[in-house]
2 protein chains.
Amino acid sequence: MYICIVKLEQAIQSTKFKNEMHKASLNILYTAWWLKTQMSKVLKEFGLTHEQYNVLRILKGKYPEQLCVKDISCRMIEKSSNVPRIIDRLVIKKLVKRADSPTDKRETVTTLTQAGLAVLAASTESVNQLMDEMVKMENKEAEQLNVLLERLRGTEV
Amino acid sequence: MYICIVKLEQAIQSTKFKNEMHKASLNILYTAWWLKTQMSKVLKEFGLTHEQYNVLRILKGKYPEQLCVKDISCRMIEKSSNVPRIIDRLVIKKLVKRADSPTDKRETVTTLTQAGLAVLAASTESVNQLMDEMVKMENKEAEQLNVLLERLRGTEV
DNA sequence: TTTATTTAAGTGTATATACATCTATTTTTC
DNA sequence: GAAAAATAGATGTATATACACTTAAATAAA
């Protein structure tokens with residue numbers, strides 16, 4: 001058991017921020033890293049990486065439908081993830097199976113195996129349990145956080 | 001010019017969230033990816049990666065002091081970054097110089113070169129400009145966001 | 001219908017992440 | 001002061017990221 005570093009200032013040993021928005025952007029990057037690290041520790045027990053888990057969840061969302069690489073890519077949180085190679089590794093572990101698309105010969109379609117469903121169910125339970133233990137936040141606060149994050153991103157470039 | 005995807009639901013093509021906290025965690029991961037992607041586009045013009053830029057900023061924070069690898073590591077946003085190899089690449093580009101520590105023969109100390117200072121100044125200006133254009137957020141809102149992010153992380157494990 | 005364009009996915013490379021291991025020091029302990 | 005433990009950093013490997021490029025197939029344009 002260890003005490004988590006709470007304050008950003010402690011976490012990155014810095015107190016000099018240009019303004020609150022600058023601090024917020026570092027805070028988001030740090031919090032994302034923290035979330036991923038915590039989750040990865042749990043997923044490792046199931047032999048999964050964070051991104052492999054993400055692909056399995058996406059496949060589950062449409063199960064038993066078969067999804068092509070593009071359909072998976074556009075649902076990924078990190079868009080630039082290299083989905084074909086993540087699928088390669090899931091195929092080796094027999095958690096998904098891949099086939100040629102019947103309608104478009106360019107596409108390959110992927111779906112969960114029974115093993116994939118089982119591993120996903122078990123790992124999801126562990127991840128949810130971790131989140132419940134780790135994050136003590138009121139529903140109202142989480143709602144507010146969602147609003148602020150979308151306001152932050154909500155603009156044209 | 002393109003319209004950014006604002007809503008998380010659109011960005012990851014999903015509307016099924018366990019609860020607001022689950023949505024918030026995905027929202028943080030997505031927003032962090034979005035911020036890093038936007039910043040990396042700017043940094044690429046200076047031949048820098050996001051992590052190389054982070055190391056340069058940390059060195060600037062203590063300049064002209066020389067920092068050992070450990071001092072840099074503990075200030076990184078992503079703690080597991082492999083600082084020795086990031087420094088390797090910055091040395092090749094002649095943006096930093098590395099020397100043996102006079103006080104501890106195990107340590108190597110790193111400091112910015114004049115070129116490093118110049119590249120950092122120019123790239124920081126571009127990054128700040130991007131952030132100003134991209135993120136339209138009131139100071140009060142950013143403050144609130146910081147409070148919520150730290151509440152999210154503020155717990156024991 | 002033939003060519004041109006677009007699209008889907010796979011491949012290659014440099015960098016980064018995550019983690020384990022190794023070596024050379026320094027510090028601690030006896 | 002010598003042996004044990006801890007620390008700093010380098011190194012190796014598998015996976016992921018970011019981006020450019022290739023190939024095959026589908027679609028659009030001529």
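Model, not experiment: these values are computed from the prediction. Order of the sequence lines sets the chain letters (A, B, ...), proteins ahead of strands, with each chain counted from 1.
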Asker: Please state how far atom CE in M76(A) lies from atom P in dA9(C), giving the value in whole angstrom units.
Answerer: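 Rounded to the whole Å, the gap is 14 Å.
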Asker: On DNA chain C, does the nearest nucleotide to P84(A) precede the nearest nucleotide to E78(B) from the 5' side, or the other way round? Give the residue.
Answerer: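 The residue mapped nearer the 5' terminus is P84(A).
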Asker: Looking at residues at least two apart in the chain, or sitting in another chain, which of them share a side-chain contact (heavy atoms from CB on, under 4.5 Å) with T124(A)?
Answerer: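 Result, side-chain contact (heavy atoms from CB on, under 4.5 Å) vs T124(A): Y53(A), R57(A), L120(A), N128(A).
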Asker: Would you indicate whether Q13(B), at its atom CD, is surrounded by more than 12 heavy atoms from other residues, nucleotides or ligands within a distance under 6.0 Å?
Answerer: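 Above 12, so yes.
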Asker: Tell me, which of residues 48-73 of chain A have any heavy atom that sits under 4.0 Å from an atom in DNA chain D?
Answerer: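 Residues of residues 48-73 of chain A under 4.0 Å from DNA chain D: T49(A), E51(A), Q52(A).
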Asker: Please examine the side chains of I86(A) and T49(A), heavy atoms only from C-beta on, and report whether any two atoms are closer than 4.5 Å.
Answerer: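 No, too far: nothing below the 4.5 Å cut-off.
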Asker: Would you say W33(B) places a side-chain N or O within less than 4.0 Å of OP1 or OP2 belonging to dA18(D)?
Answerer: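 For dA18(D), OP1/OP2 do have a side-chain N/O of W33(B) under 4.0 Å.
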Asker: At less than 3.5 Å, do the side-chain atoms of R85(A) and the base atoms of dG12(C) form a donor-acceptor pair?
Answerer: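 Flag set: donor-acceptor pair detected.
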Asker: How many Å lie between CG on N82(A) and P on dA16(C), as a whole number?
Answerer: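 Going from CG in N82(A) over to P in dA16(C) covers 17 Å.
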Asker: Give the rounded distance in Å between these two atoms: NZ of K41(B) and C1' of dA18(D).
Answerer: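 Taking NZ of K41(B) and C1' of dA18(D), I get 12 Å after rounding.
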Asker: Suppose we screen for salt bridge (charged side-chain N to carboxylate O under 4.0 Å, His left out). Which residues come up paired with E107(A), at least two apart in sequence or across chains?
Answerer: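 Salt bridge (charged side-chain N to carboxylate O under 4.0 Å, His left out) list for E107(A), sorted by chain: empty.
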Asker: Kindly compute the distance separating CZ (R85(B)) from CD1 (I87(B)), expressed to the nearest 0.5 Å.
Answerer: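 Rounded to the nearest 0.5 Å, the CZ-CD1 separation comes out at 12.0 Å.
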Asker: Output the residues of residues 90-109 of chain A in contact with DNA chain C, where contact means a heavy atom of the residue under 4.0 Å from an atom of the strand; sort by number or write none.
Answerer: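 Only R98(A), R106(A), E107(A), T108(A) qualify.
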Asker: Provide, to the nearest angstrom, the distance between the NZ atom belonging to K36(A) and the P atom belonging to dC19(C).
Answerer: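 Rounding to the nearest Å, NZ of K36(A) and P of dC19(C) are 12 Å apart.
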Asker: Round to a whole Å and report the spacing from CH2 of W34(A) to C1' of dT17(C).
Answerer: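 Going from CH2 in W34(A) over to C1' in dT17(C) covers 19 Å.
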Asker: Taking 4.0 Å as the cut-off, does a side-chain nitrogen or oxygen of K44(A) come that near to OP1 or OP2 on dT17(C)?
Answerer: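 No.
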Asker: Over all strands shown, is R89(A) touching base, sugar-phosphate only, or nothing at heavy-atom distances under 4.0 angstrom?
Answerer: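 It contacts sugar-phosphate atoms only.
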Asker: What pairs of donor and acceptor atoms, side-chain ones from residues 90-101 of chain B against any protein atom, are under 3.5 angstrom apart with sequence neighbours left out?
Answerer:
| from | atom 1 | to | atom 2 | distance (Å) |
| --- | --- | --- | --- | --- |
| K93(B) | NZ | G47(B) | O | 2.8 |
| K93(B) | NZ | Q52(B) | OE1 | 2.5 |
| R98(B) | NH2 | D88(B) | OD1 | 2.4 |
| S101(B) | OG | T103(B) | N | 3.2 |
| S101(B) | OG | T103(B) | OG1 | 3.2 |
| S101(B) | OG | D104(B) | N | 3.2 |

Asker: For E143(A) and K140(A): C-alpha separation, side-chain torsions, deciding distance, then whether side-chain contact (heavy atoms from CB on, under 4.5 Å) applies.
Answerer: CA-CA 5 Å; E143(A) 244 173 63; K140(A) 264 265 176 290; 4.1 Å; yes
Asker: May I ask you to check whether R75(A) and S14(B) show a side-chain donor-acceptor distance below 3.5 Å?
Answerer: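 Side chains of R75(A) and S14(B): no pair found under 3.5 Å.
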Asker: Restricting to pairs with a member in residues 12-40 of chain A, which pass salt bridge (Lys or Arg N to Asp or Glu O under 4.0 Å), not counting sequence neighbours?
Answerer: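 Every salt bridge (Lys or Arg N to Asp or Glu O under 4.0 Å) pair that includes a residue of residues 12-40 of chain A, provided the two are not neighbours, is E9(A)-K23(A), K36(A)-E78(A).
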Asker: Report the distance from atom CD1 of I86(A) to atom C1' of dA14(D), rounded to the nearest whole Å.
Answerer: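 After rounding, the gap between these two atoms is 13 Å.
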Asker: Could you state the atom-to-atom distance from CG of D88(A) to P of dA14(D) in whole Å?
Answerer: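 Going from D88(A) (CG) to dA14(D) (P), I get 15 Å.
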Asker: Could you tell me the separation between the CD1 atom of I87(B) and the C1' atom of dA16(C), rounded to a whole number of Å?
Answerer: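 Value for this atom pair: 14 Å.
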